[in-house]
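Here, residue 1 is the first one in the sequence, and each next residue gets the next number.
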Amino acid sequence: MEPLIDLHSDEYFMGEALRAAKRAFQQAEVPVGAVIVRDGRIIARASNQVEQLVDATAHAEMLAITQAESVVEDWRLTDCDLYVTKEPCAMCAGAIVHTRLRRVIFGCPSPKDGAAGSLLNLLQHPKLNHRCDVTSGVRLAECASLLKEFFRERRDEKALELGGD
């Protein structure tokens with residue numbers, strides 16, 4: 001018998017973020033997805049739309065934060081949790097701190113630009129006015145695999161263009 005799914009678990013909500021990331025992949029966007037949860041309910045969901053919107057700030061986290069602020073009718077998201085498939089960058093981490101999100105749960109680290117512990121840790125910086133609880137590695141293999149597949153396909157496409165085959 002299949003185990004029951006805990007609809008309030010980190011794994012469940014990360015699964016919802018993964019669904020958003022897969023939509024980004026299908027739209028030729030870097031496959032990052034995010035959901036924001038309040039009182040056990042998803043109030044915002046987004047995926048990267050940088051290419052589609054021609055906007056470097058259109059990361060999944062930023063778009064989800066804007067949606068959540070509209071739902072809550074406040075820029076403060078103190079009782080909300082963000083689930084995102086990849087570790088937030090410095091831009092997103094700054095917005096996360098500014099909106100005072102309670103908790104950030106991410107799938108895979110981002111060694112080149114991660115601002116939740118990989119490259120630097122803005123989410124828990126002692127001199128900032130807010131610190132988030134951070135949980136990393138939730139459904140890590142799935143989150144990392146999706147990104148690796150996306151970039152492998154891009155490299156293969158580029159090689160075909162350059163090689164002419």
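Using cut-offs of 30° and 60° on the angle between ring planes, the pair W75 and H98 is parallel.
The closest donor-acceptor contact from the side chain of R139 to the backbone of E11 lies under 3.5 Å. Checking side-chain atoms of N48 against main-chain N and O of A60 turns up a donor-acceptor pair under 3.5 Å. Between the side chain of Q124 and the backbone N or O of C132, at least one donor-acceptor pair lies under 3.5 Å. Of the possible donor and acceptor atoms, one in the side chain of E29 sits under 3.5 Å from a partner among the backbone N and O of Q52. The closest donor-acceptor contact from the side chain of Q67 to the backbone of R45 lies under 3.5 Å. Using modelled atom types, no side-chain atom of R102 and backbone atom of D81 make a donor-acceptor pair closer than 3.5 Å. A donor-acceptor distance shorter than 3.5 angstrom exists from the side chain of H130 to the backbone of L101, with no hydrogens or angles considered.
Because its NZ or CZ atom is not both nearer than 6.0 Å to the ring centre of F151 and within 45° of the ring axis, R155 does not count as a cation-pi partner of that residue.
With respect to E149 and R152, no salt bridge is recorded, no charged nitrogen being found less than 4.0 Å from a carboxylate O. Salt-bridge formation is not detected for the pair R100/D74: no Lys NZ or Arg NE/NH1/NH2 atom is positioned less than 4.0 Å from an Asp or Glu carboxylate oxygen.
For the atom pair OG of S136 and CD1 of I105, the computed distance is 10.5 Å after rounding to the nearest 0.5 Å. Here the straight-line distance linking atom OG of S145 with atom CG of L140 works out to 10.5 Å at 0.5 Å rounding. Here the CE-OG1 distance, from M14 to T85, works out to 7.0 Å after rounding to the nearest 0.5 Å. The CD atom of Q49 sits 12.0 Å away from atom NE2 of H59, with the distance rounded to the nearest 0.5 Å. For the atom pair S118 OG and K86 NZ, the distance stands at 9.5 Å (nearest 0.5 Å). One finds the CG atom of L63 at 9.5 Å from the CD1 atom of I65 (value rounded to the nearest 0.5 Å).
The two atoms that bring E87 and P109 nearest to each other are OE1-CA, 3.4 Å, heavy atoms only. Shown here for I43 and V71, the closest heavy-atom pair between the two residues is O-CG2, 3.4 Å. Shown here for A28 and E51, the closest heavy-atom pair between the two residues is O-CG, 4.3 Å. The two atoms that bring A20 and G33 nearest to each other are CB-CA, 3.9 Å, heavy atoms only. Between A24 and P31 the shortest heavy-atom distance is CB-CA, 3.9 Å. Counting all heavy atoms, side chain and backbone alike, A64 lies closest to A44 at O-CB, 3.3 Å.
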side-chain contact (heavy atoms from CB on, under 4.5 Å) evaluation trace for E142 with L146 | CA-CA 6 Å; E142 293 167 88; L146 190 61; over 6 Å; no
Could you walk me through whether L123 and N121 pass the side-chain contact (heavy atoms from CB on, under 4.5 Å) test, one step at a time?
-> CA-CA 5 Å; L123 297 182; N121 191 348; 3.7 Å; yes
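In the hydrophobic clustering of this structure, I36 groups with V134; members are Ile, Leu, Val, Met, Phe, Trp, Tyr whose side-chain heavy atoms approach within less than 4.5 Å, directly or through other members. Under a hydrophobic clustering in which Ile, Leu, Val, Met, Phe, Trp and Tyr are joined whenever their side-chain heavy atoms come within less than 4.5 Å, directly or via other members, V97 and M91 fall into different clusters. Linking ILVMFWY residues whenever their side-chain heavy atoms come closer than 4.5 Å, directly or via other members, leaves M62 and L77 in distinct clusters. A chain of hydrophobic side-chain contacts below 4.5 Å, direct or via other Ile, Leu, Val, Met, Phe, Trp or Tyr residues, connects V138 to V35.
The number of heavy atoms from other shown groups lying within 6.0 Å of CZ (R154) is above 12.
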